[in-house]
*Asks:* 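Once you've had a glance at the structure underneath, I'll fire off some questions.
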Amino acid sequence: MKRDFLTLWDLSSEEIDILLKRAIEFKSGKDANKCPLIGKSIGLLFEKASTRTRVSFEVGIYQLGAQAIYMNPKEIQLGRGETIHDTAKVLSRYLDAIVIRTFSHGTLIEFASNSSIPVINGLSDLHHPCQAIGDLMTILEKKGRLKGIRLAYIGDGNNVANSLIEAASRMEIDIAIACPEGCEPDLDVLERARAEAVGEILILRDPREAAGMADVVYTDVWVSMGQEKEAEEKKRKLKDYQVNNRLLSCAKKNAIVLHCLPAHRGEEITDDVIDGPQSAVLDQAENRLHTQKALLEFLLGNNTR
Ligand code: CP
Ligand code: NVA
């Protein structure tokens, strides 16, 4: 039976533990010359721009011995009106897995339910699970544990925030989101996470309260891809939610700062924080490569379709 990775709920906490251990092995150089996915072909269907997700998948796929095939929907028949249903069924006959970056999360669900190959969410308007797995690895690497970690997310309750809430819930991290009214995380995500969580999930208005005694301070852009029309309104609402040195001083002294990138410096985060000694954003970006290799090996390693 094929396995998809559309949200964090598609993996159990035990499976996430296994993936993180494997990613740490990959990072250490273990199995650098092994090619567990030799002969396989993995599609990358990207409807939105990407630097990290695209390049880390392409490099990781190559390192595992497989080939990556990048597709822009505008350049395949999907862009001329061929249905998702037909595209999913046809691509399943050629490819061994597909990574999709799209607007509506429903597109991913429709694609996955019509394909016989694993579908990986490379970002939708609602979720960014590959990012969250890389973030977990970074926290584990820097803090030595996940359970009981206090994570403060400051800013827009977007796709990245939603996946972080799910990741926190799976791994017993206490998460506090500070956001203004109208920028809350998705309600369904919150409801399920609260039902499953062992740790705390708080939605606060005061960024200082959320950052108080945090081990990890995380932020993301105020205007996500596809939200350009609401840009001015969102920037106005979020102007008091900047991660700067004053806010960071509320967190623990050894707190780390994460940002999925790309950053809008001077908006959600200041230069001195993102370039400062507590920032782990470059390790965080690198860890996308190692965790996605572990994910691909997990989903495809023993896959006989
Ligand atoms: N963090 C992240 O997913 O970056 P890209 O948009 O560059 O892929
Ligand atoms: N929230 C951002 C994340 C980019 C990686 C966006 O969706 O544009």
Side-chain angles (χ1 to χ4, degrees), residues 5-8 23 42-61 68 70-73 98-108 120-139 153-167 177-180 182-186 189 216 218-231 233-235 237-238 241-243 256-265 267-269 274 279-293 295-296:
F5 184 54
L6 304 187
T7 74
L8 262 290
I42 296 161
L44 301 176
L45 181 58
F46 276 41
E47 234 178 331
K48 292 176 174 175
S50 171
T51 300
R52 282 142 289 266
T53 308
R54 176 178 176 177
V55 178
S56 57
F57 264 113
E58 288 201 21
V59 170
I61 288 166
Y70 182 79
M71 290 166 281
N72 175 339
I98 189 162
V99 183
I100 300 180
R101 172 169 283 205
T102 188
F103 289 89
S104 160
H105 193 71
T107 302
L108 273 160
I120 296 171
N121 180 357
L123 181 146
S124 67
D125 285 352
L126 210 50
H127 299 275
H128 197 1
C130 293
Q131 180 66 52
I133 291 284
D135 299 340
L136 289 176
M137 178 179 174
T138 312
I139 297 169
Y153 177 94
I154 314 292
D156 189 29
N158 59 17
N159 43 9
V160 168
N162 288 334
S163 288
L164 272 178
I165 290 169
E166 295 177 347
I177 309 272
C179 61
C183 293
E184 292 84 1
D186 182 74
V189 166
V216 181
Y218 198 124
T219 189
D220 184 21
V221 290
W222 291 342
V223 184
S224 287
M225 291 181 277
Q227 298 180 336
E228 290 74 13
K229 279 195 187 132
E230 313 149 55
E233 191 193 336
K234 293 202 78 172
K235 285 186 201 174
K237 281 187 184 163
L238 284 151
Y241 290 79
Q242 183 184 67
V243 174
I256 57 165
V257 174
L258 298 181
H259 188 311
C260 61
L261 305 178
H264 282 212
R265 289 161 175 261
E267 288 186 8
E268 77 276 3
I269 194 161
I274 198 167
S279 172
V281 300
L282 293 179
D283 292 319
Q284 183 187 6
E286 178 186 332
N287 289 340
R288 297 290 305 279
L289 171 66
H290 310 299
T291 46
Q292 287 161 193
K293 282 172 72 179
L295 176 71
L296 287 168

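One-based numbering, in listed order, for ligands and for the atoms of each. Since we're looking at a predicted model, the values are computed, not measured.
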*Asks:* Using a 4.0 angstrom limit on heavy atoms, which residues are close to ligand 1?
*Replies:*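 Lining ligand 1 at under 4.0 Å, by heavy atoms, one finds Ser50, Thr51, Arg52, Thr53, Arg101, His128, Gln131, Cys260, Leu261, Arg288.
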*Asks:* Check ligand 2 against Asn158 and write out every atom of the ligand that is under 4.0 Å from a heavy-atom position of the residue.
*Replies:* 1 (N)
*Asks:* Would you indicate whether the side-chain heavy atoms of Ile133 and Asn287 approach each other to under 4.5 Å?
*Replies:* no
*Asks:* Can you list the ligand 2 atoms lying under 4.0 Å from a non-hydrogen atom of Met225?
*Replies:*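 Numbered from 1, ligand 2 contributes 6 (C), 7 (O), 8 (O).
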*Asks:* Starting from atom 7 (O) of ligand 2, locate the nearest protein heavy atom and write down its residue, its atom name and how far away it is, to 0.1 Å.
*Replies:*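 Going by distance alone, atom 7 (O) of ligand 2 is nearest to Asn159 ND2, 2.8 Å.
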*Asks:* Checking the side chain of Glu233 only, and the main-chain atoms of Glu230 only, is there a donor and an acceptor separated by less than 3.5 Å?
*Replies:* no
*Asks:* Run through Arg288, Glu58, Gln131, Lys48 and flag the one making a side chain to side chain donor-acceptor pair (under 3.5 Å) with Thr53.
*Replies:* Arg288
*Asks:* Check this for me - ligand 2, His128, N or O atoms closer than 3.5 angstrom, yes or no?
*Replies:* no
*Asks:* Which of these, Gln292, Glu286, His290, sits in a side chain to side chain donor-acceptor pair (under 3.5 Å) with Ser56?
*Replies:* Gln292
*Asks:* Tell me which protein heavy atom sits closest to atom 4 (C) of ligand 2, plus the residue, atom name and distance to 0.1 Å.
*Replies:* Leu123 CD1, 3.9 Å
*Asks:* Got a donor-acceptor contact below 3.5 angstrom from the Glu184 side chain to the Gly157 backbone?
*Replies:*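 Flag not set: sc Glu184 to bb Gly157 has no pair under 3.5 Å.
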*Asks:* Is a side-chain N or O of Arg101 found less than 3.5 angstrom from the main chain of Gly122, in a donor-acceptor match?
*Replies:* yes
*Asks:* Among Ser50, Gly226, Ser224, which one has a heavy atom closest to atom 6 (C) of ligand 2?
*Replies:*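 The nearest heavy atom belongs to Ser224.
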*Asks:* May I ask you to decide if Ile269's main-chain N or O and Gln242's side chain share a donor-acceptor pair within less than 3.5 Å?
*Replies:*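 Answer holds: no.
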*Asks:* Between Asn159 and His128, is there a donor-acceptor pair closer than 3.5 Å when you use the side chain of the first and the backbone of the second?
*Replies:* no
*Asks:* Which of the atoms of ligand 2 are close to Leu261, meaning less than 4.0 Å from one of its heavy atoms?
*Replies:*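 With Leu261 as reference, the close atoms of ligand 2 come out as 5 (C).
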*Asks:* At less than 4.0 angstrom from any non-hydrogen atom of Asp220, what atoms of ligand 2 do you find?
*Replies:* 1 (N), 2 (C), 3 (C)
*Asks:* Do ligand 2 and Val223 have nitrogen or oxygen atoms that lie under 3.5 Å from each other?
*Replies:* no
*Asks:* Answer with yes or no whether the side chains of Asp283 and Thr138 bring together a donor and an acceptor at under 3.5 Å.
*Replies:* no
*Asks:* Please check this pair: side chain of Thr291 against backbone of Ala23, looking for a donor-acceptor N/O pair closer than 3.5 Å.
*Replies:*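 Side chain of Thr291 to backbone of Ala23: no pair is present.
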